[in-house]
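Bear in mind that the values here come from a model prediction, so they are computed numbers and not experimental data. Chain naming here is simple, since letters A, B, ... match the order of the sequence lines and numbering starts at 1 in each.
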Amino acid sequence: MDATAAIAITPASQPGRVRATQEAPWIRRALIGTALLFLTLFLFIPLVSVFYEGLKKGVDVYFASLVEADAVSAIKLTLITAAIAVPLNLVFGVAAAWAIAKFEFRGKNLLITLIDVPFSVSPVIAGLIYVLIFGLQGWLGPWLYEHDIKIIFAVPGIVLATVFITFPFIARELIPLMQAQGTEEEEAAVVLGANGWQTFFRVTLPNIKWGLLYGAILCNARAMGEFGAVSVVSGHIRGSTNTMPLHVEILYNEYNFAAAFAVASLLAVLALVTLALKSVVEGRTAASREQGHDHRSA
Amino acid sequence: MAATFRQHSVLPGFNLALGFTLLYLSLIVLLPLSAAFIRTAELSWPEFWAIVTTPRVVASYRLTFGASLAAALVNALFGLLVAWVLVRYRFPGKRIIDALVDLPFALPTAVAGIALTSLYAANGWIGRLFEPFGIKIAFTPLGVFVALTFIGLPFVVRTVQPVLEDMESELEEAAATLGASRWQTFGRVIFPTIFPALLTGFALAFARAVGEYGSVIFIAGNMPMVSEITPLLIITKLEQYDYAGATALAVVMLVISFVLLLLINLLQWWSRRRAA
């Protein structure tokens, strides 16, 4: 007993003891310095340069590039796309997590792997597969043409490609969270006479709300910023099928750098807001996950 | 009938939830992906082989996989360093830096692409420093490597960080007590523990880099045989209405992605078993 107590006290309290499991100060400083240099070269300077280049020609040029008609229509299309893609994937994420986390069935691991597939597919291929189906030479192309329905080089194609790219975000966040929380609370609600929807909205949803929000934030950031997949199906029609990232590309290729970086800076602000929200919500998710563990062990 | 397929539960909604999940998964992901394979099956094997092995295509594989491998290796090394520094040391601004590590996940790739291009071009802030030595970064294969390093940066940090945080200090103390130097402790105690996570992060960064398009096309210069990545070649073929060619290349990329996905799943499974 005495021996274990003595060992437990030693680590933090005696400086001489601690040194054996730490690095010398100069090594520590060198490591921190190298890490920061790497992050500065590859992260911080690129981030700062977006704003610098956008504002280089003055605030007037900056705001003029944001309120110009094509920019406004690109911003609108980006918002519409995210407003459709995020709720769709949210409903899917909840349904998939409910089936996977609350029930035991065969083929579950295969299903989880299949949900992850869009993460490992190149964005260009994500766009291509919809062209193969809905494009003029695609399976449904002739039929769609006869009925005058446009999917490729139109808004529906952009939405579809975005849904594909952001498909796993919310499901991936919810599945481990709901698995950790177990099924006891829902079972209690059902035994007490609640129906399925009541159980979900009053018991499950309050438990997963932070995880759901976290997934939705990540999903939204990717939906608004997707470039490759959308680029394949969009057709780049100014003022009509251009999203913000595509608008950035067009301006850049026209050597209109100030305007390109101005629109890009809006997307960079979106990224920073996403990161800020993410770190706020991350704390809450960790808390609710711990709660889940407590319920399980109790 | 359902009883053999799943275990009994008092909770409702299984059929609805699983039914919707499978329908949505099939419509959005599985059916469209199968289109690529079915369209390619229209080609005969020699035709397919001829398309995916032309010199220009092979050069694009070499660049895509070479640059992705180099970027993932650099990210493994520096990602480990960043994770170590963030977990073990205290310094000003640490929380903000920790949050900013995820920037490449959140920043649209087109924005990253134009920012890196303007920085690493011969007259850019960073490119200017290399210009006197005759090193050109933007519009060369080196630029592709820079973009892919940016894109893959968070993966290793975020896979290694939690493992380092969970590591019991007793092990290191025991090693030190037994007379191990700091380097020996790192090499024999710490590194073996974090190795599966490091490998997983490396594989994730590599897989992401192989498919990357948005950030690369701005900085690459896109010269055939020199700085043209495979995803760009797919788009080029598509724009020339060469659907068969584009789809054949896509199938090659898809098969490689699926092998990588399988490998990553195995690595994560191994990593969890080691941690348990």
Heavy-atom side-chain contact between B:V210 and A:S122 under 4.5 Å: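 The answer is no, as the side chains (C-beta and beyond) never meet within the 4.5 Å cut-off.
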With a 4.5 angstrom heavy-atom cut-off, could you sort out which part of [X] is near chain B: side chain, backbone, both or neither?
X      : answer
A:L272 : side chain
A:L39  : side chain
A:L111 : side chain
A:S265 : neither
A:K108 : neither
A:I125 : side chain
A:F167 : side chain
A:N89  : both
A:L88  : both
A:L43  : both

Reported CZ-to-OG1 distance for the pair A:F227 and A:T243, which is rounded to 0.5 angstrom: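 A:F227 CZ to A:T243 OG1: 8.5 Å, rounded to 0.5 Å.
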Please determine, among [options], the option with the most heavy-atom pairs under 4.5 Å with chain A.
options                : value
B:A175, B:S118, B:A246 : B:S118
B:L103, B:T109, B:V10  : B:L103
B:L204, B:I126, B:L262 : B:I126
B:T149, B:L249, B:L238 : B:T149

Any sub-3.5 Å donor-acceptor pair from [X]'s side-chain atoms to [Y]'s backbone N or O?
X      : Y      : result
B:Q161 : B:R158 : no
A:E226 : A:G228 : yes
B:K94  : B:V85  : no
A:K102 : A:G182 : yes
B:S257 : A:S120 : yes

A:R29 with A:E23: basic N within carboxylate O range, under 4.0 Å: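 Not counted as a salt bridge, because no side-chain N and carboxylate O are separated by less than 4.0 Å.
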A:E187 and A:T183 side chains, donor-acceptor separation under 3.5 Å: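 Side-chain D/A pair, A:T183 to A:E187: present.
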